[in-house]
Structure formats: structure tokens, C-alpha cells
Amino acid sequence: MNAQQEIEPYDPSSIESKWQQRWEEQGLYHANVDPDRPKFYALTMLPYPSGELHVGHWYSVTPPDARARFKRMQGFNVMFPMGFDAFGLPAENAAIQRKIHPREWTYGNIDRMREQFRRMGAMIDWRREAVSADPEYFRWTQWFFLKLLEHDLVYRQKAPVDWCPSCNTTLAREQVWGDDRRCERCRTPVIRKELEQWFFRTTRYADELLDFSEIDWPERVRVLQTNWIGRSEGANVVFQTETEDEIEVFTTRPDTLWGATFMVLAPEHPLVPSLTTEDQRDAVETYVLDASRQTAIQRESADREKTGIFTGSYAINPVTDERIPIWIADYVLTSYGTGAIMAVPAHDQRDFEFARKYDLEIRPVIQPVDEPLIDGHQMEFATTHHGTMVHSGPLDGTPANEAVEAAITYLEEKEAGVGAVGYRLRDWLISRQRYWGTPIPVIYCKSCGPVAVPEDELPVELPEDVEWLPTGESPLKLHPSWRFTSCPKCGEEAERETDTMDTFVCSSWYHLRYLSPQYSEGPFDPREYDYWMPVDSYTGGIEHATMHLIYTRFFHKACRDMGIVKGDEPMQQLRNQGLVLGEDSEKMSKSRGNVVAPDELVDRYGADAVRSYLMFFARWDQGGPWSSCGIEGTWRWLKRFWNLVLEPVEESSADSETSRQLRRKVHQTLAQVTHAFESYQFNTIVAALMELMNEMIRARRVGGADKEAWDEAVDIYLRMMAPITPHISEELWQRLGKSGSVHVQSWPEVDELALVEDEITLVVQVNGKVRDRLVMPVSATDDEAKERALQSEGALRFTDGKTIRKVIVVPGRLVNIVAN
RNA sequence: GCGAAAGUGGCGGAAUUGGUAGACGCGCUAGACUUAGGAUCUAGUCCCGUAAUCGGGGUGGGGGUUCGAGUCCCCCCUUUCGCACCA
């Protein structure tokens with residue numbers, strides 16, 4: 001009778017739900033403050049409750065879950081929380097389409113997704129769940145707003161904003177996608193609109209945000225953030241106009257100031273109307289109108305021929321005292337610097353092209369070293385290299401390395417300018433003209449102006465009885481009993497702010513709400529904060545590199561300066577997973593119909609097979625196209641391992657050599673798996689475990705390891721696979737009569753003695769090509785290795801008749817014989 | 001245009017960081033077994049030549065450093081991703 005037939009077949013559907021329920025009852029994943037144990041806060045970016053968990057969610061949660069479990073077995077007190085980023089546009093779109101309240105749609109989705117997360121077998125502590133649309137959550141989002149307001153980190157300003165005419169909302173710059181500047185959600189081309197908006201002063205932290213020295217974040221993200229912040233050093237210089245106005249410009253090349261032969265303002269610059277002379281007025285107004293009609297893509301394409309128009313006015317170059325004409329041109333942008341530039345055509349290619357076209361003076365003032373004297377009339381390109389200053393009055397002859405500094409010093413002495421730093425980063429526009437968001441807790445009073453809602457009146461809740469009309473107006477504006485109120489200061493009639501906050505405000509602090517989601521004395525319990533923060537491991541997609549990940553750092557630093565949190569950074573380590581594409585190698589989307597639903601795979605193969613396949617099928621940091629066929633591989637692995645472990649062991653033919661080899665393989669695998677977990681190389685963990693299983697099957701076939709070695713192999717194996725495939729590991733752990741849950745066991749220690757090899761395979765090369773392999777005792781000396789290599793059959797075949805020039809011995813590894 | 005990353009079998013991917021290229025898996029080929037399954041097991045599977053032993057070639061292309069290069073350096077090609085008149 002075949003022993004295999006007695007084994008109950010591996011049936012994930014019967015064991016997985018059983019263990020999920022039991023773990024839930026036991027509170028196996030509850031994480032509590034415990035000062036006696038080292039903590040580990042593992043955080044994955046919170047999902048948006050769009051409806052269903054797809055395979056991409058599993059890809060972003062399951063490997064970090066496995067790593068969190070690994071950390072726990074290593075002795076850390078691990079917190080692995082989950083929540084939902086529940087405000088946002090899709091809920092409103094769904095509300096309009098389905099005629100249901102956004103809350104109903106959102107919370108229905110959350111219920112469904114929470115169940116799906118349970119099926120995944122993730123070690124989520126659901127007691128710590130936080131949902132950003134809960135009043136007890138956004139109460140504190142509002143509280144943070146008031147704190148920022150108190151500390152002058154919020155301001156209100158009328159500003160041109162990107163506006164999506166379809167979603168009827170303003171968009172942050174990072175929410176405008178593509179060369180043709182379309183709305184990130186509906187792809188409608190964006191237009192400009194002037195509105196009073198609330199801003200967070202992110203630029204105040206620009207310099208500090210450039211410092212990554214305390215955090216372990218990927219190079220790629222650091223570069224993206226650095227470019228996004230876009231710091232450049234230079235000077236602000238003030239030019240007087242002949243009409244007594246002042247025009248301030250920012251320049252990175254103050255050393256070229258003596259070559260500034262004209263100025264250019266952006267068409268939207270506030271001084272344009274007053275600077276325009278009567279005879280130029282028609283032409284200027286036409287040009288300004290034209291510029292406003294241009295789409296952003298037309299305006300901002302760098303290879304377009306430059307256009308402009310003379311205002312008729314002149315400014316005085318503060319260092320040469322010369323009259324220089326003031327032009328306007330659309331290549332100067334209001335959104336950077338001061339919206340005005342000094343034009344130095346000899347040393348800036350854009351200014352050069354403009355000057356050539358409109359026949360303006362080109363005056364070189366920087367002479368590159370070791371080159372013939374340059375002449376403005378004959379130049380074909382601007383020279384942007386640094387060099388010795390010429391035609392620069394008192395600074396003539398200043399060498400390249402001192403020129404910028406000397407120019408700034410000179411400007412400051414003359415009080416015509418100051419050294420300054422410019423940034424590409426803008427302040428964060430947080431106002432959204434939408435209903436489904438955190439209401440901005442401000443009341444407008446005719447006599448008192450904007451007044452903060454008193455803290456004890458928080459949260460400002462959203463009215464439930466709103467109408468869902470696709471009119472574009474926020475429903476809050478159409479709700480008089482909510483909108484009209486009294487001033488908290490003077491009691492007179494007043495109006496609520498009807499804008500809500502960007503959802504990135506909610507997600508800037510959710511990691512703090514997880515600490516104590518029921519806490520009512522503040523946004524978080526300081527006791528929990530002191531124990532758990534900062535986040536030890538933060539994982540999520542690269543797409544958040546310049547939005548969420550800058551905002552949350554800003555938020556943390558601002559809170560630190562307000563005395564709310566401690567430490568300079570919220571997330572100590574960041575890692576990005578790649579993107580799982582559809583089987584057609586395209587991005588998964590409902591409209592393409594290529595979304596892979598994990599539920600069907602779980603029904604067929606079980607959560608453990610899906611989890612391990614997700615870790616195995618690609619490098620986690622790269623992702624790639626999904627292939628459902630491949631899951632057969634991890635499915636077979638689990639079935640084979642199940643049978644291998646449950647088959648009765650025949651000890652009769654055990655031999656010590658097989659045992660020793662098995663132990664060596666077990667501990668080698670353990671060392672490898674431990675390292676791979678630390679470095680997020682999940683695919684090699686599964687591969688190593690498969691390899692070890694193959695070795696165990698082989699050991700059993702050739703006669704078997706002794707009971708001690710075999711039991712140790714199984715024990716270590718179950719501990720190693722527990723983080724990846726929690727259900728089957730737990731089931732086998734129990735069936736083998738081991739006590740407790742496998743998930744609270746300790747991570748095994750590598751036995752260094754077991755790793756020791758007594759024989760090595762020495763590779764014999766002749767002129768760099770492998771010609772033989774010799775098995776040698778580890779104790780063999782270099783000379784012995786060399787001798788045996790020279791005498792080996794494979795080597796002799798290729799050294800015969802040749803002179804041996806050199807022999808290189810790499811101890812324990814190879815011998816290379818150089819002969820010709 | 002500027003910047004970054006990557007390029008390894010039919011496919012996903014390994015390679016202790018300069019030392020046996022292709023681990024592990026999918027797929028494929030052949031065979032075994034059968035209570036005919038969503039099977040399972042065994043063997044093979046980089047390319048060319050060979051019955052086998054064995055030999056030659058091989059990590060996008062070209063060159064270089066080195067006893068030795070997938071790995072380091074230079075040039076080129078391709079792909080992907082950022083940024084894109086940023087003063």
C-alpha cells in the first residue's frame with residue numbers, strides 16, 4: 001500500500017478560513033505598546049476605497065505583510081495597520097451617477113475591501129483602522145488646519161489655478177497630467193481660473209525637505225523630490241522704471257548683470273498695464289489677450305519660436321545706469337521667480353534668440369578663459385559658461401570662481417539687490433470646490449473677516465441632506481442652513497467656507513491616527529506616539545514621490561515646529577513596489593478589461609498560493625505583466641511540501657552524510673532567506689525555499705536524513721515559510737504537534753557550524769576557461785590546490801605543449817592557469 | 001533637449017558584488033503510472049557541431065582594463081521613467 005494515499009490532500013479552502021477566524025479570535029495581530037520590546041512600525045500606503053481589491057493591492061500589501069511577520073519573528077513588537085483614504089472625487093462622481101450619497105458608496109466599498117483583506121491573511125490589527133471620512137478623523141484634520149493657521153503656515157490668496165471644467169474643481173499642479181495638461185481623473189484639458197484659495201506654506205520648508213541625510217529612502221525618490229523642489233541660488237535684483245515703479249527679478253547669474261540690455265515681463269505681470277505707453281497699448285493688449293488664449297501646452301513648449309512686444313517703457317540697469325527697454329513675452333512665466341527677468345542675451349540662449357529676432361543689443365560681459373574675445377555681433381549662440389568678467393565696470397577681471405559672489409556683494413553694497421534662493425516648489429494649494437472632503441473650518445464675517453472655527457466646535461461636519469446635481473457648484477454652496485451661520489467672534493451673520501481640503505491633507509497624517517484611532521484628547525495619544533514613531537518601514541508606489549511623500553514630510557516638520565510631534569522625519573525607511581500590469585502588458589484598468597481579480601485565484605488555489613506567487617513572479621520593486629499560468633508553480637510547491645511533511649518518515653536507511661548535507665542546506669537557505677527578507681528580495685525567498693524542498697525530497701529518496709536533522713529541517717522550514725504562506729504553515733505546525741502558533745515563534749538562528757563545508761569544488765581554468773572541476777578537502781592549502789589543478793586531466797589537455805606563465809589561486813574557489 | 005534607470009534562454013527572473021552564467025519557476029519535449037485528474041512522478045531543455053565523451057560560441061552592439069567581466073571604464077543602439085523656456 002502506498003503511503004501517499006493515506007495523506008489528506010492539501011485543501012486551502014478548508015484550512016484558510018479556519019485559521020483566519022481563529023487568529024481573529026485570539027487577537028494574534030494586536031499590537032500594543034510594550035516598552036520592554038523593540039518596536040517596528042510597518043506601514044503601507046493606505047488604499048482608496050474604489051470598490052474591489054485587485055491584484056495590485058495584494059502586490060502592495062502582501063510582501064510588506066510577510067516582511068512584518070518576519071520582523072515579528074525576529075523579536076520585534078510589530079504594528080501593521082490599515083485604513084482608508086475615503087474622501088475624494090470618485091465618490092462624488094458615483095453619487096451623481098448612481099444617485100446615492102458618497103458616504104454610502106464609500107463605506108460600502110470599505111466593508112467589501114476589509115473582507116478581502118481578511119481573505120489575504122494579512123496580519124492587520126483592525127483595532128487601529130482609521131478612515132479619513134469619519135468625523136472623528138477629520139475633526140483632527142481640521143484641528144491641524146487651525147494649528148497651521150495659528151502659526152502662519154496657512155494663508156489665503158487669490159491666484160490663478162488650474163481648473164477642470166468637467167470635475168468642476170481646482171487641481172494641484174501635480175494633478176494635471178501629460179504634455180497637453182489634462183485632468184488626472186477625467187483627462188479633460190485644464191483651463192485657468194482666478195479664485196481665493198487656501199495655501200499651506202510648503203516653500204518655507206523647501207530647504208529642509210532637500211535634506212535626506214537622516215532617512216533611508218530610495219535614490220530615485222530623493223532625486224525626484226530634489227528636482228521637484230528645484231532649488232537654485234542667485235540674487236533678487238530691483239530695477240527702477242522711468243515711471244518710478246520697481247521691478248524685481250530673480251537671476252542665477254548676477255555676474256552677467258552688466259550685460260542685461262533689456263527686461264522681459266510675463267504677459268500677466270501686474271505692472272504691464274501701467275508700463276504700457278499709449279502708442280504701444282493696442283499691440284500690447286492684443287499680445288496679452290493672445291497669450292491668455294494659448295493653451296498651456298502651446299505656451300510651454302520650449303522649442304517654439306519666441307514672441308514678444310515692447311511696452312514702450314524703460315528701466316534703469318542698476319549697475320550700468322543705462323536705459324533698457326521693457327518687453328513682455330510669454331516665455332517668461334508668472335509661476336516662477338517674480339514673473340519678470342533681466343535679459344542677458346549674450347549669456348542666455350532664450351534671451352539671445354529673443355534679442356536676435358527683435359534686434360536688441362547683445363553685449364558679452366563674461367569672457368571664457370582660453371577662447372578668442374567674443375563679439376556680440378558675431379555670436380551664434382549664447383555662452384553660458386562661467387568666465388572672467390569684462391565690460392563690467394568695477395568688477396572687470398573678476399575670475400570665474402568669484403564672479404557670482406562678487407556681483408552679489410556689489411549689489412548688496414549698492415542696495416540694488418540681495419543674494420536669494422529660488423525654488424520650483426510652490427506653496428500647497430489645498431482648497432477644493434467639492435462636497436466630499438474635510439470642510440475647511442473657517443467662517444467669513446463681514447466685519448471680522450475670516451475667522452477660525454473654535455476648537456471646541458470641531459468637527460465642522462458635512463450636511464447629509466444635499467442634492468446631487470451635475471451643476472458644477474459644490475453642494476455646500478447650495479445648502480443655506482449649513483452655509484449661513486453666525487460669526488464666532490461677534491455673533492453677526494456670517495458664512496461658512498464652502499471649500500473642502502485636498503485629500504492629500506488627510507493622508508499627510510493618517511500614520512498618526514493609526515496610533516490611537518479612538519483617542520479623543522488629540523489627533524493621537526502621545527504615549528503611543530513616543531513608542532511607535534517614526535515609521536520604520538514605509539512602502540508604496542513610486543507615483544507618490546512628489547505629492548504625498550513631500551506633503552507628509554512637510555506636515556511632519558511643520559508639526560514638529562508647532563510642538564505637536566517629535567523628530568525631523570516621519571518615515572525612516574521607504575521602499576517602492578513596482579506596478580503589476582495586465583496580461584496584455586498594459587496598465588490594469590476596468591475600461592481595458594484586463595483587471596485580474598485575486599478572488600477567483602484564491603477560490604482556486606488558496607490565499608497562500610496567491611501570496612507566494614505574488615512574491616515570486618517578479619522582482620517586487622519592478623513588477624511587470626501578470627501571468628496567471630505561473631501560479632501553478634507555487635501551487636505545486638505547496639502541495640509537494642504538504643505531502644513531504646505529512647508522509648511518514650522511514651528512518652531505517654538514514655545516513656550521517658545525507659544528514660550533514662541536509663543541515664548545511666537548511667542553514668544556508670536560512671541565511672539567504674533572512675538576508676532576502678531584510679532587503680525586500682521576496683522572489684528569491686520563494687526560490688530558495690523551493691530549492692530547499694527539492695533537496696529534502698532528494699535526501700529522503702537517497703535514504704533519508706536522521707530524525708533529528710529531518711525534524712530540524714521541517715521546523716526551520718515552517719518558520720521560514722510562515723511569513724509568506726501563513727495558513728499552510730500554521731496548519732502543518734499544528735498537525736506536527738508543535739505548540740502555539742507558528743507566527744509567534746522566534747526566527748531561527750543560523751548554525752555557523754552547519755554551514756562549514758568539508759569539501760569544496762575547485763574550478764580549474766586555463767586562460768580563463770573552465771577546463772575541470774576538482775573536489776578537494778577544505779583544508780587544502782593554496783599550493784596543494786595549485787598542484788592538483790596543474791595535474792588535472794582537464795587542465796593538462798589544454799596546457800600540453802605550452803609554457804605556464806602564471807597561476808592564480810583564489811582560495812577555496814578556483815585556480816586559473818595562464819599558459820601559451 | 002536634459003537627467004536617471006534598465007537591456008541575461010521561448011517567458012518571469014537568479015548570479016555570494018570581479019571568480020563555475022542561466023539558480024528557482026512557467027512553458028516545452030520524452031517517458032512512467034493511473035481509480036483518467038485542475039492530475040502526479042521521472043528525465044531533458046542557452047545556441048551550434050557530436051551517438052556519446054567532448055569542442056566552439058554566448059549576458060543589446062563595439063572597444064578597453066584584468067590572469068579572469070553579466071558585473072568596472074569609454075563610445076553607440078534600444079526601451080522605460082522623470083523633468084522640460086525654471087531666468
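Convention: sequence-line order gives letters A, B, ...; per-chain numbering from 1.
- Of the C1' atoms belonging to B/rG64 and B/rG68, the separation is 15 Å, rounded to the nearest Å.
- If you check B/rA87, B/rC83, B/rC67 against the side chain of A/K806, the one that comes closest is B/rC67.
- Look at CZ on A/R253: it is 11 Å from P on B/rA87, rounded to the nearest Å.
- B/rA14 and B/rG7 have their P atoms separated by 10 Å, given to the nearest Å.
- In this structure B/rC41 sits in a base pair with B/rG31, meeting the Watson-Crick or G-U test at under 3.5 Å.
- In this structure, the CD1 atom of A/I247 is 20 Å from the P atom of B/rA87, given to the nearest Å.
- Residue A/E691 has its side chain nearest to B/rC24 when only B/rC24, B/rC86, B/rG55 are considered.
- In B/rG60 the O4'-C1'-N dihedral to the base is more than 90° from 0, which defines an anti nucleotide.
- No donor-acceptor pair under 3.5 Å is formed between the side chain of A/D621 and the backbone N or O of A/Q577.
- Comparing B/rU20, B/rC54, B/rA87 against the side chain of A/V332 picks out B/rA87 as the nearest.
- B/rC48 and B/rA52 are spaced 13 Å apart, taking the P atom of each and rounding to whole Å.
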Identify each atom pair where a protein N or O and an N or O of nucleotides 9-13 of chain B are less than 3.5 Å apart, giving names and distance.
residue	atom	partner	partner atom	Å
B/rG12	O2'	A/F617	O	2.0
B/rG13	O3'	A/N683	ND2	3.1

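- Atom name P, nucleotides B/rU8 and B/rU59: the rounded distance is 12 Å, in whole Å.
- B/rG70 and B/rG57: their P atoms are spaced 13 Å apart (whole Å).
- Of the candidate nucleotides B/rG25, B/rG55, B/rC26, B/rG55 has the atom nearest to the side chain of A/R771.
- The cationic group of A/K306 lies under 6.0 Å from the six-membered ring centre of A/Y331 and within 45° of the ring axis, placing it in a cation-pi geometry.
- The aromatic rings of A/Y717 and A/F641 sit parallel, their planes meeting at an angle under 30°, below the 60° perpendicular limit.
- Here B/rU66 is in the anti range [glycosidic angle more than 90° from 0].
- Under a cutoff of 6.0 Å and an axis angle of 45°, A/R771 and A/F798 form a cation-pi pair.
- Listed nucleotides B/rG55, B/rU20, B/rA14 differ in distance to A/T684; the shortest reach to its side chain belongs to B/rA14.
- Screening A/F352, A/W327, A/F262 for a ring pair (Phe, Tyr, Trp, His ring centres under 6.0 Å) with A/Y358, the sole residue that qualifies is A/W327.
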Might you list the N or O atoms of the protein lying below 3.5 Å from N or O atoms in nucleotides 42-52 of chain B, with each pair's distance?
residue	atom	partner	partner atom	Å
B/rU42	OP1	A/R701	NH2	2.8

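- Counting any heavy atom pair closer than 4.0 Å across all strands shown, A/Q765 reaches a base atom.
- Residue contacts shown for A/L224 are limited to sugar-phosphate atoms, with no base heavy atom under 4.0 Å away.
- Summarising the geometry, the separation between CG on A/N227 and P on B/rA5 is reported as 13 Å, rounded to the nearest angstrom.
- For A/R424 and B/rC2, the CZ to P distance is 18 Å, given to the nearest whole Å.
- Taking atom CD1 of A/I631 as the reference point, atom C1' of B/rG25 lies 13 Å away to the nearest angstrom.
- Using a 4.5 Å cut-off on side-chain heavy atoms (C-beta onward), A/W637 and A/V686 make contact.
- Looking at A/N317, its side chain never comes within 3.5 Å of a backbone N or O of A/W258 through a donor-acceptor pair.
- The nearest whole Å value for the distance from the CZ atom in A/R636 to the P atom in B/rA39 is 8 Å.
- B/rC72 and B/rU16: their P atoms are spaced 12 Å apart (whole Å).
- Distance A/F798 CZ to B/rG55 P: 4 Å, rounded to the nearest Å.
- B/rC46 is paired with B/rG57 under the criterion used here, namely a Watson-Crick or G-U wobble arrangement in which both key atom distances are under 3.5 Å.
- Ranking B/rG25, B/rU20, B/rC67 by closeness to the A/V770 side chain, first place goes to B/rU20.
- Comparing the P positions of B/rG22 and B/rG58 gives a spacing of 16 Å, expressed to the nearest Å.
- Checked against the 6.0 Å centroid criterion, the rings of A/F617 and A/Y59 qualify as a close aromatic pair.
- Taking only side-chain atoms of A/K769, from C-beta outward, the nucleotide of B/rA87, B/rG57, B/rC24 with the closest atom is B/rG57.
- B/rU71 and B/rU66 have their C1' atoms separated by 13 Å, given to the nearest Å.
- Regarding contacts with the backbone of B/rU20, every side-chain N or O of A/T761 stays at 4.0 angstrom or more from both OP1 and OP2.
- Looking at heavy-atom distances under 4.0 Å, A/R220 makes contact with sugar-phosphate atoms alone, never a base.
- A/F682 has its CZ atom 13 Å from the P atom of B/rA14, to the nearest Å.
- Look at B/rG82: its Watson-Crick or wobble partner, with both distances under 3.5 angstrom, is B/rC2.
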